[in-house]
Structure formats: structure tokens, C-alpha cells
Undergrad: 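Take this structure first; my questions come after.
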Amino acid sequence: MTTKIKQIIVTGGFGFIGSHLIDRLLGQGHQVTVVDDLRSAAVAPSDYATYMATGQLVWLSMDVQYLRPIHVSCPCPDEIYHLASPVGPAGVLKHAGEIVRQIVDSTYAVIDMALRCDSRLVDVSTSEVYGGGQQGLCAEAMPRIIQADTTVRLEYAVAKLAMETALINATQVQPLQAVIVRPFNVAGPRQGAVGGFVLPRFIQQAMRGEALTVFGDGNQVRAFTHVADIVDGLLLAMEKGRSGQVYNLGNPANRTTILDLAKAVIEETGSIGGVQYVNGQSIYGSLYAEAHDKYPDAAKAMKHLGWQPVHDLHEIVADVHHAMQSTLQSEAV
Ligand SMILES: NC(=O)c1ccc[n+]([C@@H]2O[C@H](COP(=O)([O-])OP(=O)(O)OC[C@H]3O[C@@H](n4cnc5c(N)ncnc54)[C@H](O)[C@@H]3O)[C@@H](O)[C@H]2O)c1
């Protein structure tokens, strides 16, 4: 059976999740246009020189908010994956006060493109829209919870939620085909520690023989999902997702406390640095905030999309460790 070759736009395609997504799409033979100004890229465009030389990959180095017919001429895509956004508990802090504008303007740009081109759109939102869920559990049918404190984290969450709401309503009254996904704690090769992501930070500390800095008492609950499983979910959402619907993408089987994650990292790396309990704000500053517990109910994506995450927590930890080891080795050469 031959696969139909599609024209696909991926905003944020050189980021952590986006780069794994474009690897998959390019491997399937599709024509991919990446819109990314590299502000938090995880890969270098030069890594894709071969694809760019053949024209299978086109890179538009620009802010997504300008992705309008008046500013850019690119072939009308069959599909658009929208990933470009500020991200990460620490990564969002430097965009305080500008996050709403960035998320709203870029998402309206892709909505306009999708409407003009009759493209199918997958918008990548976030589990942060749940606040802390119900004692940490987050399902699509549950209320989204807006905390009393106005934090940078809240600005990120409400901007994503505002665009989810606009998208869902637009699908009711306009010929827009749009599906929303909410990833939970994605992890895997190429994720940097700089955005405040806990797993690469722990591995980096372990590889340096330093203590793993656990925030608070380490009893915060999360469920980590391998980036390869998230890519499966994005592709399935594009293929089978119902327009105007939202799907959680998080692996409930990988529930862990942060302290147990630290122990898994110590076991994987053989680190002798131990664990040190600290306040997250002492590392990232007074604007830093995070949910206490947050983990997914993913039954809807499993039932309606046929999504089945397969990578367990130990594989995730091992994959991130091996990737960071090979980066270190290649830098040393
Ligand atoms: N990483 C996670 O655990 C996680 C969890 C939930 C949701 N998400 C969502 O997934 C998406 C991708 O996250 P990621 O971890 O791959 O982030 P990332 O920072 O690694 O990738 C984002 C990419 O988008 C680019 N970018 C950002 N804003 C841009 C703009 N306005 N114009 C052009 N390029 C821009 C960056 O240069 C980067 O390459 C985001 O929408 C994020 O909100 C991520």
C-alpha cells in the first residue's frame, strides 16, 4: 500500500517534540515545512541539510505570528501541527507578560492558514490547563481549574486554554477542522534541562556526580510520557481525532513521585551524589511555580484514537541518559 505524500507544516518543528515529529513525517516521505525562529530549538537546522537539499524539508525562519498569506508564500498544506510556544516551568518565566500575546497571535495565524487552505490542524495545548486537576487526576470531562494566585504558569495555562476555547468554538461555526491535544510531562532524547524539565536536570546532575535537587519533599506526582509515544498520539490525532475535540496524551502507567524518579535516575546512572531537598524558587527565582500533583486519564485518546503508549519509566530514564551521554561524547571529540 502506498502512502499519500502530504504537504505538512510543523510550527516549532526544530524543538524537542517537533523534531521527533518531523523525523517521523520525513521518514514517511511527506513534504514538510518547519516554521521556527530557533528561539528554543533542540536541534540545528543543519542536521537536516540533506532533506533541505532535496526540497523535502523547507525551513521558514520566522515568528509563527507572521505566517499569513500576506507575509509568506508557501504551498497550501494538507495538515498543520502547531507546536511553537513558550514552554517549561522555567522556560516560560522569561516571557512573563508576553506569553498570552505569543500564544494567541501564533495560534490565530495557524487558524487563518488552516481556514484559507482547508488544512487539518492539530493544536498542541498543555496539561497545565487543568491547574492541579482533582487531587492530581486530569480527565477531559473535568473542570479546568484556575488558581487564585496569578503566576507566570497561570499566564501560560490560560493562554493555551483561551486558544483551545477559540478553536473549539470556531469549529462549530466555520469550516475549520481542528483537534486539540494536551500532553503531560513529555520526556526523551533532545529535551534540554534549560526549560526547567526535571528529568534532563536530574540526569545532568547525576552525570556530574552532583546531588539531585528535589523540590519540596519530592512527593509531587507526575506521569512521564516518552516523546515517541507523544509523536504517535499527534499522528493519530491528525488521522482520527474528531474536529473540536480535546485529547489528553499522557501515560497513566508511568505515574511516579519526583523522589522516586530521582531514585530511578540514581539506579540508571550509578550516581553517588545522592539527593538534596531544595525550594524550586531558590534555583529558578521567585516567579517559579509548579503543580503539586498532575497525572492523566488518557482513556479518551486510547478509546477514540487507538493511542497506546508503550515506553515505561525506566526506558524513558535510560533513553535520556544514553542521549545525554552521546551528546557529551560527541562534544568531547
Ligand atoms: N515538553 C513538554 O513536556 C510539554 C508538555 C505539554 C505541552 N507541551 C507543548 O508542546 C509544544 C512543544 O513543546 P517542546 O517541549 O517541544 O518545546 P521546545 O521549546 O523544545 O520547542 C518549541 C519550538 O518552537 C519554536 N518557537 C517558539 N515560539 C515560536 C514562535 N513564536 N515563532 C517561531 N518559532 C517559535 C522554538 O524555537 C522551538 O524550536 C508546546 O506547544 C508546548 O506548550 C510540551
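Throughout, residue positions are numbered sequentially from 1 according to the sequence presented. Counting convention: from 1, in listed order, for ligands and their atoms alike.
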Undergrad: For ligand 1 and Gly18, I'd like to know whether there is a polar contact (N/O to N/O, distance under 3.5 Å).
TA: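 In fact, backbone or side chain, Gly18 has no N or O that close.
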
Undergrad: Which residue supplies the protein heavy atom nearest to atom 43 (O) of ligand 1, what is that atom called, and how far is it?
TA: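 Here the closest protein heavy atom is Tyr156 OH, 2.6 Å.
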
Undergrad: How does Ser127 reach ligand 1, if at all, at less than 4.0 Å between non-hydrogen atoms: by side chain, backbone, both, or neither?
TA: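 The answer is neither.
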
Undergrad: Tell me whether Gln102 has any N or O atom under 3.5 angstrom from an N or O of ligand 1.
TA: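 Looking only at distances, the answer is no, because the N/O contact criterion of under 3.5 Å is not met.
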
Undergrad: Backbone, side chain, both or neither: what part of Phe224 comes under 4.0 angstrom of ligand 1, heavy atoms only?
TA: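 None of Phe224 does.
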
Undergrad: To the nearest 0.1 Å, how far is atom 24 (O) of ligand 1 from its closest protein heavy atom, and which atom is that?
TA: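 Atom 24 (O) of ligand 1 sits closest to the protein heavy atom Gly12 CA, 3.2 Å.
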
Undergrad: When the aromatic ring centroids of Tyr288 and Phe215 are compared, is their separation below 6.0 Å?
TA: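 Yes, ring centres under 6.0 Å apart.
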
Undergrad: If you count every heavy atom of other residues, nucleotides or ligands that lies below 6.0 Å from Glu267 atom CD, does the total exceed 12?
TA: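 Result for CD/Glu267: open.
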
Undergrad: Group every Ile, Leu, Val, Met, Phe, Trp and Tyr by side-chain heavy-atom contacts under 4.5 Å, then state whether Ile8 and Val231 land in the same group.
TA: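 Yes, one cluster joins them.
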
Undergrad: Looking at Arg24, I'd like to know if its CZ atom is crowded, meaning that more than 12 non-hydrogen atoms belonging to other residues, nucleotides or ligands lie closer than 6.0 Å.
TA: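 Enclosed: over 12 neighbouring heavy atoms sit under 6.0 Å from CZ of Arg24.
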
Undergrad: Among all protein heavy atoms in this structure, tell me which lies nearest to atom 6 (C) of ligand 1, with the distance rounded to 0.1 Å.
TA: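 It is Pro183 O, 3.3 Å.
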
Undergrad: Does an N or O from Ser40, backbone or side chain, lie closer than 3.5 Å to an N or O of ligand 1?
TA: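 It does: an N or O of Ser40 is found under 3.5 Å from an N or O of ligand 1.
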
Undergrad: For Ala166 and Tyr108, which heavy atoms make the closest approach, and how far apart are they?
TA: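 Distance-wise, the nearest heavy atoms are CB-OH, 3.6 Å.
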
Undergrad: Tell me whether ligand 1 is touched by Ala187 - counting only heavy atoms on the residue side and a distance under 4.0 Å.
TA: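 No, Ala187 has no heavy atoms under 4.0 Å from ligand 1.
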
Undergrad: Which residue supplies the protein heavy atom nearest to atom 3 (O) of ligand 1, what is that atom called, and how far is it?
TA: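 Looking only at protein heavy atoms, the one closest to atom 3 (O) of ligand 1 is Val186 N, 3.1 Å.
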
Undergrad: Return the residue, atom name and 0.1 Å-rounded distance of the protein heavy atom closest to atom 1 (N) of ligand 1.
TA: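 Protein heavy atom at minimum distance: Phe197 CE2, 3.8 Å.
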
Undergrad: Under 4.0 Å from any heavy atom of Met62, which atoms of ligand 1 are there?
TA: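 Counting from 1, the qualifying ligand atoms are 32 (N), 33 (C).
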
Undergrad: Where is the tightest heavy-atom contact between Pro175 and Asp118, given as atom of each residue plus distance?
TA: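 That would be O-OD1, 4.5 Å.
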
Undergrad: Using a distance-only test with no angle check, is there a side-chain donor-acceptor pair under 3.5 angstrom linking Tyr48 and Asp23?
TA: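 Judged by distance alone, the side chains do pair up.
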
Undergrad: Any side-chain to backbone donor/acceptor pair from Arg182 onto Val246? Under 3.5 Å, distance only.
TA: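 No, the answer is negative, given that no donor and acceptor are paired below the 3.5 Å cut-off.
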
Undergrad: Contact between Glu128 and ligand 1, counting heavy atoms under 4.0 Å?
TA: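 Heavy atoms of Glu128 never come under 4.0 Å of ligand 1.
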
Undergrad: At a non-hydrogen distance cut-off of under 4.0 Å, which region of Ser106 contacts ligand 1 (side chain, backbone, both, or neither)?
TA: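 Neither; no heavy atom under 4.0 Å.
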
Undergrad: Have His226 and Glu315 got a donor and an acceptor in their side chains that come within less than 3.5 Å?
TA: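 Side chains of His226 and Glu315: no pair found under 3.5 Å.
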
Undergrad: Report the part of Arg182 (side chain from C-beta onward, or backbone N, CA, C, O) that has a heavy atom under 4.0 Å from ligand 1; answer both or neither where that applies.
TA: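 For Arg182, there is no contact with ligand 1 at all, from either part.
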
Undergrad: Does Ala42 approach ligand 1 within less than 4.0 angstrom via side chain, backbone, both or neither, non-hydrogen atoms only?
TA: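 The answer is neither.
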
Undergrad: Which pairs pass side chain to side chain donor-acceptor pair (under 3.5 Å) with one or both residues in residues 134-158, sequence neighbours excluded?
TA: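 Those involving residues 134-158 are Glu128-Arg153.
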
Undergrad: Test your reading of the model: is there a side-chain donor-acceptor pair from Ser85 to the backbone of Val87, 3.5 Å cut-off?
TA: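 Such a contact is absent between Ser85 side chain and Val87 backbone.
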
Undergrad: What protein heavy atom is closest to atom 8 (N) of ligand 1, reported as residue, atom name and distance in Å?
TA: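 Checked against all protein heavy atoms, atom 8 (N) of ligand 1 sits closest to Ser125 O, 4.0 Å.
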
Undergrad: With a cut-off of 4.0 Å, which atoms of ligand 1 are near a heavy atom of Phe16?
TA: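 Ligand 1 atoms under the 4.0 Å threshold to Phe16: 15 (O), 16 (O), 18 (P), 20 (O), 21 (O).
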
Undergrad: Would the distance check show the side chain of Trp307 and the main-chain N or O of Asp232 forming a donor-acceptor pair, the cut-off being under 3.5 Å?
TA: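 Not a single qualifying donor-acceptor pair exists.
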
Undergrad: Which atoms from ligand 1 have a heavy atom of Val124 less than 4.0 Å away?
TA: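 Heavy-atom distances to Val124 below 4.0 Å select 9 (C), 10 (O), 11 (C), 41 (O).
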
Undergrad: Run the side chain to side chain contact (heavy atoms under 4.5 Å, CB included) check on Gln102 and Arg39 step by step: do they pass?
TA: CA-CA 12 Å; Gln102 287 187 31; Arg39 67 183 73 181; 3.2 Å; yes

Undergrad: Of all the heavy-atom pairs spanning Ala178 and Leu167, show the shortest one and how long it is.
TA: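 Taking Ala178 first and Leu167 second, the nearest heavy atoms are CB-CD2, 3.8 Å.
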
Undergrad: Can you pull out the closest protein heavy atom to atom 27 (C) of ligand 1? Residue, atom name and distance to 0.1 Å, please.
TA: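 The closest heavy atom on the protein side is Ser85 N, 3.4 Å.
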
Undergrad: Is Asn254 reaching over with its side chain to a backbone N or O of Leu313, donor-acceptor style, under 3.5 angstrom?
TA: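 Side chain of Asn254 to backbone of Leu313: a pair is present.
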
Undergrad: Please state which protein non-hydrogen atom is closest to atom 11 (C) of ligand 1 and give its distance, to 0.1 Å?
TA: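 Checked against all protein heavy atoms, atom 11 (C) of ligand 1 sits closest to Leu83 O, 3.2 Å.
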
Undergrad: Quick check on Arg39 - does any of its heavy atoms sit under 4.0 Å from an atom of ligand 1?
TA: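 Yes, that is the case, since the closest heavy atom of the residue is under 4.0 Å from the ligand.
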
Undergrad: With backbone taken as N, CA, C and O and side chain as the heavy atoms from C-beta onward, which portion of Val87 lies under 4.0 Å from ligand 1: side chain, backbone, both, or neither?
TA: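 Side chain only.
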
Undergrad: Does any N or O of ligand 1 fall below 3.5 Å from an N or O anywhere on Ile17, backbone included?
TA: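 Looking only at distances, the answer is yes, because the N/O contact criterion of under 3.5 Å is met.
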
Undergrad: With atoms numbered from 1 as shown, which atoms in ligand 1 lie under 4.0 angstrom from a non-hydrogen atom of Gly15?
TA: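 In order of number, 20 (O), 21 (O), 23 (C), 38 (C), 39 (O).
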
Undergrad: Checking side chain to side chain contact (heavy atoms under 4.5 Å, CB included) between Leu60 and each of Thr33, Asp37, Asp36, which is the one that passes?
TA: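 Passing option: Thr33.
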
Undergrad: Checking Asp293 side chain against Gly133 main chain: does a donor-acceptor pair fall under 3.5 Å?
TA: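 Checking the backbone N and O of Gly133 against the side chain of Asp293, no donor-acceptor pair under 3.5 Å is found.
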
Undergrad: Does even one non-hydrogen atom of His82 get within less than 4.0 Å of ligand 1?
TA: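 Flag not set, His82 not near ligand 1.
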
Undergrad: For ligand 1, which atoms sit closer than 4.0 Å to a heavy atom of Phe14?
TA: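 Within the 4.0 Å cut-off of Phe14, ligand 1 contributes 39 (O).
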
Undergrad: Check this for me - ligand 1, Thr126, N or O atoms closer than 3.5 angstrom, yes or no?
TA: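 No, since none of the N or O atoms of Thr126 sits under 3.5 Å from an N or O of ligand 1.
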
Undergrad: So is there a nitrogen or oxygen of Ala84 less than 3.5 Å from a nitrogen or oxygen in ligand 1?
TA: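 No.
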
